[in-house]
Amino acid sequence: GKIVVLTGAASGIGRASATRLAAAGWTVVMLDRAFDTAWRAVDARSFAMHCDVSEPASVEAAFAAIDTQLGTIDALVCSAGTLRIGAIVDMSIADFDALYHVNTRGAWLVARAAVQLMRKRRDPAALRRIVFVGSISAIRPKVGNGAYGAQKAALHTLTGVMAAELGGEGILVNAVAPGTVDTPMIQAMQDASQTGRYRPSGTSPLGRVAQPEDVAAVIEFYLGDQSNYVTGTVIPVDGGTRAAFVPPAA
Ligand code: NAI
């Protein structure tokens, strides 16, 4: 079967995507900083390995192991991400950088390593695919979300640039932009005492927040033959939250 590498695969959207793709017949390589170091088989077609995308040496080591074990890959899903809320002018440089090193630079580092492995594919004509997990916060600015939103906006821009640069070699690059998804990341934010004026977008015009599986389904679309002529796009998976946006009063 085809081989997909997923970052942030221990939890939330990454985990739901790994489960869904394994069920669809993919060979799945799950990377996360929450996993232990060694490459290990989870079952016949799923593998897990430690990778901290904010550390270049860790990304290099993970992709060297994938190269040794599997030789090439067909697809990459970058779901590793981290959220910290705070008024942007009061955020420390260390906090801004820590977020940036996961949300933007981490995705770039992983995509860069993945493309090297994709280029080793035996059939150069076969399409290969990259999916970034962006955010609705890149499209709809929100109080308290300056660093994260700007970093996700950079990821959306990277999606377009990489699509243009890699299209000629048959590598499609797209992104999903979820609204509020019911995962540990958001559950941690629901303690309002930690987050000041920030509130997750919460329920959507569809009357509920997203489940990780709602996002995983769109990721699977981007990895399948139904999206063969789709590249450089960002699909909001937000239940209409962006469409219903009303600017806050000053
Ligand atoms: P989550 O917290 O359930 O999962 C994130 C995973 O990424 C965790 O397993 C974590 O260990 C891993 N991770 C974090 N930093 C890492 C690093 N440096 N290296 C490797 N792995 C790392 O969160 P969720 O909600 O599944 O988030 C997945 C993606 O979706 C993130 O990029 C997030 O920004 C994005 N997103 C989430 C939304 C939500 O409402 N939950 C909304 C919009 C976007």
Side-chain angles (χ1 to χ4, degrees), residues 5-20 29-37 48-63 76-85 95 97-111 113-114 130-142 144-145 147-156 158-159 175-190 195 198-204 208-219 234-239 241-242:
V5 175
L6 300 105
T7 71
S11 176
I13 295 165
R15 186 164 71 185
S17 301
T19 303
R20 188 178 180 103
V29 180
M30 295 184 285
L31 303 178
D32 202 294
R33 71 174 168 197
F35 291 143
D36 43 32
T37 306
M49 191 183 174
H50 174 82
C51 177
D52 183 338
V53 303
S54 70
E55 295 290 342
S58 178
V59 173
E60 202 177 315
F63 278 83
L76 170 72
V77 177
C78 291
S79 191
T82 190
L83 174 60
R84 189 166 302 142
I85 296 308
D95 281 354
D97 283 353
L99 285 180
Y100 174 75
H101 285 154
V102 182
N103 294 333
T104 311
R105 198 188 75 170
W108 167 69
L109 273 176
V110 167
I130 296 172
V131 181
F132 292 117
V133 179
S135 173
I136 207 69
S137 65
I139 300 168
R140 187 194 62 164
K142 184 153 59 177
N145 228 350
Y148 178 87
Q151 292 162 8
K152 290 294 190 179
L155 194 53
H156 291 189
L158 195 63
T159 301
V176 290
T180 303
V181 187
D182 183 21
T183 70
M185 174 182 284
I186 280 303
Q187 288 150 11
M189 286 296 131
Q190 273 156 358
T195 58
Y198 177 80
R199 296 287 178 278
S201 327
T203 191
S204 69
R208 63 178 179 86
V209 299
Q211 294 302 314
E213 291 72 20
D214 292 314
V215 183
V218 181
I219 290 173
V234 181
I235 298 184
V237 187
D238 69 346
T241 302
R242 178 194 47 83

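Whatever order the structure lists ligands and atoms in, that order sets their numbers, starting from 1. All values reported here derive from a predicted model rather than from experimental measurement. Just the heavy atoms: all of them, side chains too, but no hydrogens, waters or symmetry mates, feed the values below.
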*Sub-4.0 Å heavy-atom environment of ligand 1, residues by chain*: G8, A10, S11, G12, I13, D32, R33, C51, D52, V53, S54, S79, A80, G81, V102, V133, G134, S135, Y148, K152, P178, G179, T180, V181, T183, P184, M185, I186
*Got a second to check how far H101's NE2 is from L99's CG, nearest 0.5 Å?*
10.5 Å
*asked:* Between D36 and H50 (side chain of the first, backbone of the second, donor and acceptor by atom type, cut-off under 3.5 Å), is there such a pair?
replied: no
_Qualifying residue, where the test is side chain to side chain donor-acceptor pair (under 3.5 Å) with R208 and the options are T203, D182, D214, T180_ = D214
*Flag yes if more than 12 heavy atoms outside E60 fall under 6.0 Å of its CD atom; otherwise flag no.*
no
*Rounded distance (nearest 0.5 Å) linking atom OG of S58 with atom CE of M49*: 7.5 Å
*Backbone N or O of S54 within a donor-acceptor pair of the R105 side chain at under 3.5 Å?*
yes
